[in-house]
There are 2 protein chains.
Amino acid sequence: MFSKSCEYAIKAMIFIAQKSKDEARVGIKEIAKGTDSPEHFVAKIMQDLSRRKLVHSVKGPNGGFYMDHFDLKTSLADIVKAIDGDSIYKDCVLGLKACSEKNPCPVHNEFKEIKKNLIMMIEDNTIGDFNEKLDSGKFFLRNK
Amino acid sequence: MFSKSCEYAIKAMIFIAQKSKDEARVGIKEIAKGTDSPEHFVAKIMQDLSRRKLVHSVKGPNGGFYMDHFDLKTSLADIVKAIDGDSIYKDCVLGLKACSEKNPCPVHNEFKEIKKNLIMMIEDNTIGDFNEKLDSGKFFLRNK
DNA sequence: AAATTAAAAGAGTTTAATATCTTTTAATGG
DNA sequence: CCATTAAAAGATATTAAACTCTTTTAATTT
């Protein structure tokens, strides 16, 4: 559904949200361990998310990544678009460039509905929402 | 959403269905041209689909691929499973091996609904259905 | 100001997906 | 049964995604 990079990005964002109550900073190593992700790879992805202002970062001692109240409003769609681009939004499922509403491929209408639901869902759900889910103790990010 | 291989597979299957009224056979070159796909690559994919009995093939002069009445009942899901495997069915969107109904990741329930709809749709829709759509003249497979 | 810390940036490697090319096998027609 | 045709199979090449390592920059602490 999403690329590995995107999976890591989503997990990292949720992890940072969890850890950054009262502006605390989380380092790359902690993020990598906390999300079972390859450290240097997730570091690259964080650079991206940071450049795109989806998280804040500070260098130096006690530095790291954090999210403020506003950052919690970041939607899944924001992350997906940042990392995987908008192919979910605009590309034909069969890869047909000519496919459109006026010139639909045979599977166009069936996937239109699916994609609409998917897009609505990722637009609606924010990091803050998932953060609260984890807080409830009924959902888990760790893999072991 | 799907791999390139899977896109080619779906397009090839629909194309063959179109061409195999009265048991006619379609060659690899014709399939490749008719679906804007790389010839040798689509040949490999057809080997797979043929081995898995989703299409019939005959070698030699006037040989090629074809589908009988029964083959038209092949669902999109059959093709997806044959080529991309069942990761849509069983893998966590965040790649968490520990994620399950009892141990859900934060995005589990949101994607559960999306995936359910997607799976139902690909299970329900057959090559025969898309074949009829193309026959209606309101849908198109060609890319130019 | 110097030492230290941690992210940013850049460069490089590995692996898997995509794509191509060649040889073999099996069917058909002459 | 020989020549031809076309898929099957196998081997190779290319590209992009995934992952790693090193150097640089910018903070902080002492």
Side-chain angles (χ1 to χ4, degrees), chain A residues 1-13 15-16 19-20 23-67 80 82-85 87 91 94-95, chain B residues 1-13 15-16 19-20 23-33 35-67 80 82-85 87 94-95:
Chain A
M1 179 136 272
F2 303 126
S3 68
K4 285 260 163 215
S5 297
C6 197
E7 289 179 14
Y8 295 144
I10 295 168
K11 285 192 280 188
M13 288 289 281
F15 183 81
I16 295 163
K19 297 279 175 177
S20 59
E23 308 277 294
R25 283 99 181 245
V26 201
I28 277 292
K29 279 179 189 168
E30 198 180 345
I31 297 170
K33 273 181 193 157
T35 60
D36 286 304
S37 306
E39 183 185 326
H40 296 284
F41 192 41
V42 111
K44 282 277 125 191
I45 294 162
M46 290 313 301
Q47 280 178 36
D48 239 51
L49 296 175
S50 176
R51 241 182 275 116
R52 287 163 192 276
K53 311 286 185 198
L54 301 188
V55 283
H56 289 93
S57 73
V58 276
K59 292 181 175 180
N62 278 308
F65 300 88
Y66 69 94
M67 296 174 76
V80 171
I83 304 297
D84 282 351
S87 60
D91 289 357
L94 297 185
Chain B
M1 178 135 273
F2 303 125
S3 68
K4 284 259 165 216
S5 297
C6 197
E7 289 178 16
Y8 295 144
I10 296 168
K11 285 191 281 189
M13 288 288 282
F15 184 79
I16 295 164
K19 297 278 174 177
S20 58
E23 309 278 294
R25 283 101 182 244
V26 201
I28 277 293
K29 279 179 189 167
E30 198 181 345
I31 296 170
K33 273 182 192 157
T35 61
D36 286 304
S37 307
E39 183 186 325
H40 295 284
F41 192 41
V42 112
K44 284 274 126 192
I45 293 161
M46 290 313 301
Q47 278 178 36
D48 240 51
L49 296 174
S50 177
R51 241 181 276 115
R52 288 163 189 276
K53 311 287 184 197
L54 300 188
V55 283
H56 289 93
S57 73
V58 276
K59 293 181 175 180
N62 276 308
F65 299 88
Y66 69 94
M67 296 173 76
V80 171
I83 305 297
D84 282 352
S87 59
L94 297 185

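Keep in mind the model is a prediction, meaning the values are calculated, not measured. Protein chains get the first letters and strands the later ones, always in sequence-line order, with residue 1 at the start of each.
A sub-4.0 Å separation between OP1 or OP2 of D:dA6 and a side-chain N or O of B:Ser57 is absent. For A:Ser5, no side-chain nitrogen or oxygen approaches OP1 or OP2 of D:dA17 to under 4.0 Å. At the phosphate of D:dA18, neither OP1 nor OP2 sits under 4.0 Å from any side-chain N or O atom of A:Tyr8. OP1 or OP2 of D:dA9 lies within a sub-4.0 Å distance of a side-chain N or O belonging to B:Arg51.
Per the geometry, CD belonging to B:Glu39 stands 13 Å off P belonging to C:dT22, to the nearest Å. As rounded to whole Å, 16 Å separates atom C1' of D:dT22 from atom CD1 of A:Ile28. If you measure from atom CZ of B:Phe41 to atom C1' of C:dT22, you get 18 Å, rounded to the nearest angstrom. We find that CZ of B:Phe65 is positioned 18 Å from P of D:dT5, with the value rounded to whole Å. Following rounding to the nearest Å, B:Gln47 (CD) and C:dC21 (C1') show an atom-to-atom distance of 13 Å. When the P atom of C:dT20 is taken as reference, atom NZ of B:Lys44 falls 13 Å away, rounded to whole Å. Whole-Å rounding puts the A:Tyr66 OH to D:dA27 P distance at 12 Å. Rounded to whole angstrom, the span from the CD1 atom of B:Ile45 across to the C1' atom of D:dG10 amounts to 17 Å.
The two residues A:Met67 and A:Leu54 come nearest to each other via the heavy atoms CE-O, 4.2 Å. Considering all non-hydrogen atoms of both residues, A:Arg25 and A:Tyr66 come closest at CG-CD2, 4.0 Å.
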Show your working on salt bridge (Lys or Arg N to Asp or Glu O under 4.0 Å) between A:Asp48 and A:Lys44 and close with a plain yes or no. CA-CA 7 Å; A:Asp48 239 51; A:Lys44 282 277 125 191; over 6 Å; no

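No hydrogens or angles were tested; on distance alone, a donor-acceptor pair under 3.5 Å links the side chain of A:Lys59 to the base of D:dT25.
Picking from D:dA18, D:dT28, D:dA8 the nucleotide with the shortest atom distance to the side chain of B:Ser50 gives D:dA8.
Rounded to the nearest 0.5 Å, atoms CE (A:Met13) and CD1 (A:Ile31) are 10.5 Å apart.
In this structure, A:Val26 reaches the sugar-phosphate backbone alone: every heavy-atom distance under 4.0 Å involves primed, P, OP1 or OP2 atoms, never a base.
If you find the closest nucleotide of DNA chain D to A:Phe2 and to A:Arg25, the one lying nearer the 5' end belongs to A:Phe2.
Relative orientation of the B:Tyr8 and B:Phe41 rings is perpendicular, given thresholds of 30° and 60° on the angle between their planes.
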